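Data block below; observations after.
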There are 2 protein chains.
Amino acid sequence: MSEKLTIGKLASATGTKVETIRYYEQIGLLPTPARSAGNYRTYEGEHLRRLSFIRRARDLGFSIEQVRELMGLADRREQSCMAVDVIANQHRDAIARKIADLTALASELDALIDSCSRNTVADCRIIEALGPS
Amino acid sequence: MSEKLTIGKLASATGTKVETIRYYEQIGLLPTPARSAGNYRTYEGEHLRRLSFIRRARDLGFSIEQVRELMGLADRREQSCMAVDVIANQHRDAIARKIADLTALASELDALIDSCSRNTVADCRIIEALGPS
DNA sequence: ATGCACCCTCTAGTCGCTAGAGGGTCAAGC
DNA sequence: GCTTGACCCTCTAGCGACTAGAGGGTGCAT
């Protein structure tokens, strides 16, 4: 089977950088692996599963702390998954807010850019709009 | 006129924190002001104008480096404002990309959340979806 | 035995602030 | 004139989530 991975193998298997894996270990997100005779980290299937979980959650924009919580919850399999639902919903709401903010920003910027007459800086509407009221 | 502001006055006049103003000075974004007998920073109209410019550009999501560039350009008033336009457009594109990314994320999350049966963690679709393929 | 890819630890840097320690200054009220 | 309290000063470290680099060791093929 695919037991015993070096950090490089684990990295390419999960699309993570080697340094990031070491960082996850350092902050206690990934359990410390065994070491080889030459002091190399040797990872097993469980590490691969954990790191895949972390990667996906991070790709979905969950913070490290949220990932930590989700992993803690995922390990208590007999419990209600309401807490999981709460975290996911909080995150969705945060994303919705971010989208709204950025959309407002984009239209402000669009208006600014449209107004630019493309002449000298002296009568550039963009610079003007940024200046004092 | 409104010459000679203390850092606190400048802060409240521009909606900036005092620490942030000192930070802007430290990184060379805001020119170093004169000092009073008691070593207090004394700001003038020009500082107010500059800081207002910075604040607005930052509120529109421009990075510190972009603000620095924009301010440099704004000072060369006889030149073409094409460079200004380029920066603004780059920034608008970056925002558009961010919105697209977040929107994709939001719908992934929505699907995930909808699928949750709200039972135990063992058969929680959210946890499952985060697990290894 | 030599080269090269990979691994190790440790430290510092990124961005844009923010917070805190440990002090000095200034104006008002008593 | 003395105290109180709001303001100011410098310096350093912290946030999140990595990333980069120095300076070295390991493992394997040629």
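Reminder, nothing fancy here: chain letters follow the sequence lines and each chain counts from 1. None of these values were measured; they are calculated from a predicted model.
- Looking at D101(A) and R97(A), no side-chain N of the basic residue comes within less than 4.0 Å of a carboxylate O on the acidic one, giving no salt bridge.
- Distance, Q26(A) CD to dG16(D) C1': 13 Å, rounded to whole Å.
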In B/S/- notation, 5' to 3', how is nucleotides 18-30 of chain D contacted by protein heavy atoms closer than 4.0 Å? BSS----BBS---
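- With values rounded to the nearest 0.5 angstrom, L30(A) atom CG is found 11.5 Å from T20(A) atom OG1.
- Rounded to whole angstrom, the span from the CD1 atom of I21(B) across to the P atom of dC17(C) amounts to 12 Å.
- Rounded to an integer number of Å, the gap from R35(B) CZ to dG24(C) P is 16 Å.
- Distance, K4(A) NZ to dC6(C) C1': 19 Å, rounded to whole Å.
- Checked for salt-bridge contact, R22(A) and E25(A) miss the test: no charged N lies under 4.0 Å from a carboxylate O.
- Rounded to the nearest 0.5 angstrom, I54(B) CD1 and I64(B) CD1 are separated by 7.5 Å.
- The distance from atom NZ of K9(B) to atom P of dA6(D) is 15 Å, rounded to the nearest whole Å.
- With salt bridges taken as basic N to acidic carboxylate O contacts below 4.0 Å, one links D75(A) and R50(A).
- Heavy atoms of I7(B) sit under 4.0 angstrom from primed sugar atoms or phosphate atoms, though from no base atom.
- The 12-atom threshold is not exceeded at CZ of R125(B), counting heavy atoms of other residues, nucleotides or ligands nearer than 6.0 Å.
- At dC7(C), none of the side-chain N or O atoms of R41(A) fall inside 4.0 Å of OP1 or OP2 (strictly under the cut-off).
- Spacing between atom CD1 of I27(B) and atom C1' of dG13(C) amounts to 15 Å, rounded to whole angstrom units.
- dC15(C) atom P lies 10 Å from atom CZ of R68(B), rounded to whole Å.
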